[in-house]
Amino acid sequence: MSSQQSTQTMKPATAAKKLGVYLPATPASFQEGVISRAELNELQANPPEWLSELRRNGPHPRPVVAAKLGVSIAGLARGGVTEPLTTEQIEALKQEQPDWLEKERATQAGVRKEAARIKQAKKEKQEKQERPAGRG
């Protein structure tokens with residue numbers, strides 16, 4: 001039996017997703033190879049200039065755009081945003097405050113509030129079950 005451990009690798013699309021960047025905007029060398037777990041960790045710990053630049057200015061993938069705007073990915077689609085956006089475009093949307101963005105932010109706030117309420121209710125139920133029965 002061999003005690004040598006195989007190196008875990010991932011496709012560029014997976015690595016880009018984990019790094020929060022838009023794959024087509026990455027260098028060809030990144031898009032064409034496979035990335036090991038060690039390489040991903042190194043990119044996260046010491047991002048090269050191209051990665052820092054992408055994170056700072058974009059174009060950003062939809063999950064990042066949605067997070068920066070405070071809406072869901074589905075909310076982006078409902079608002080007609082289907083393409084990656086740059087940081088400048090995101091800031092412009094924040095300044096313009098279109099109706100769809102205000103509506104989707106309100107929807108997202110409601111979803112978060114409901115999720116927090118459910119989490120609190122579960123916590124209280126669990127605490128109630130953990131308490132010993134009344135003594136008397």
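Note that the numbering runs from 1 along the sequence shown for the chain.
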For W100, what residues pass the ring-ring contact (aromatic ring centres under 6.0 Å, His included) criterion, not counting sequence neighbours?
none
Could you list all the ring pair (Phe, Tyr, Trp, His ring centres under 6.0 Å) pairs where at least one residue sits in residues 64-92, not counting sequence neighbours?
none
Kindly work out whether a path of hydrophobic side-chain contacts (I/L/V/M/F/W/Y, heavy atoms less than 4.5 Å apart) joins L85 to V21.
no
Can you sort out the partners of E91 under salt bridge (charged side-chain N to carboxylate O under 4.0 Å, His left out), two or more places apart, ordered by chain and number?
K94
Donor-acceptor list for residues 119-127 side chains, cut-off 3.5 Å, not counting sequence neighbours:
| from | atom 1 | to | atom 2 | distance (Å) |
| --- | --- | --- | --- | --- |
| Q120 | NE2 | E124 | OE2 | 3.0 |
| Q126 | NE2 | E130 | OE2 | 3.2 |

Across all chains, not counting sequence neighbours, the side-chain contact (heavy atoms from CB on, under 4.5 Å) partners of E42 are N46
Residue pair A15 / L40: nearest heavy atoms and the distance that separates them
O-CD1, 4.1 Å
Taking Q31 for the side chain and T26 for the main chain, is one N or O donor matched with an acceptor at less than 3.5 Å?
yes
Let me check something: any side-chain donor-acceptor pairs from residues 54-65 under 3.5 Å, sequence neighbours excluded? List them with distances.
| from | atom 1 | to | atom 2 | distance (Å) |
| --- | --- | --- | --- | --- |
| R55 | NE | L19 | O | 3.3 |
| R55 | NH2 | L19 | O | 3.3 |
| R56 | NH2 | E49 | OE2 | 3.3 |
| R56 | NH2 | E53 | OE1 | 3.2 |
| N57 | ND2 | E53 | OE2 | 2.5 |
| H60 | NE2 | G58 | N | 3.4 |
| H60 | NE2 | T87 | OG1 | 2.7 |

Applying salt bridge (charged side-chain N to carboxylate O under 4.0 Å, His left out), can you list everything that pairs with K18, at least two apart in sequence or on another chain?
none
side-chain contact (heavy atoms from CB on, under 4.5 Å) filter on N41, not counting sequence neighbours, yields R37, Q44
Can you sort out the partners of E96 under side-chain contact (heavy atoms from CB on, under 4.5 Å), two or more places apart, ordered by chain and number?
A92, L93, P98
Side chains of F30 and L23 in contact at under 4.5 Å (non-hydrogen atoms):
yes
May I have the list of side-chain donor-acceptor pairs in residues 68-81 shorter than 3.5 Å, sequence neighbours left out?
| from | atom 1 | to | atom 2 | distance (Å) |
| --- | --- | --- | --- | --- |
| S72 | OG | G75 | N | 2.9 |
| R78 | NE | E104 | OE2 | 2.9 |
| R78 | NH2 | E104 | OE1 | 2.8 |

Identify, with sequence neighbours excluded, every residue that meets ring-ring contact (aromatic ring centres under 6.0 Å, His included) alongside Y22.
none
Enumerate the residue pairs fulfilling side-chain hydrogen bond (donor to acceptor under 3.5 Å, both in side chains) with a member in residues 105-115, sequence neighbours excluded, ordered by first and then second residue.
E114-R117
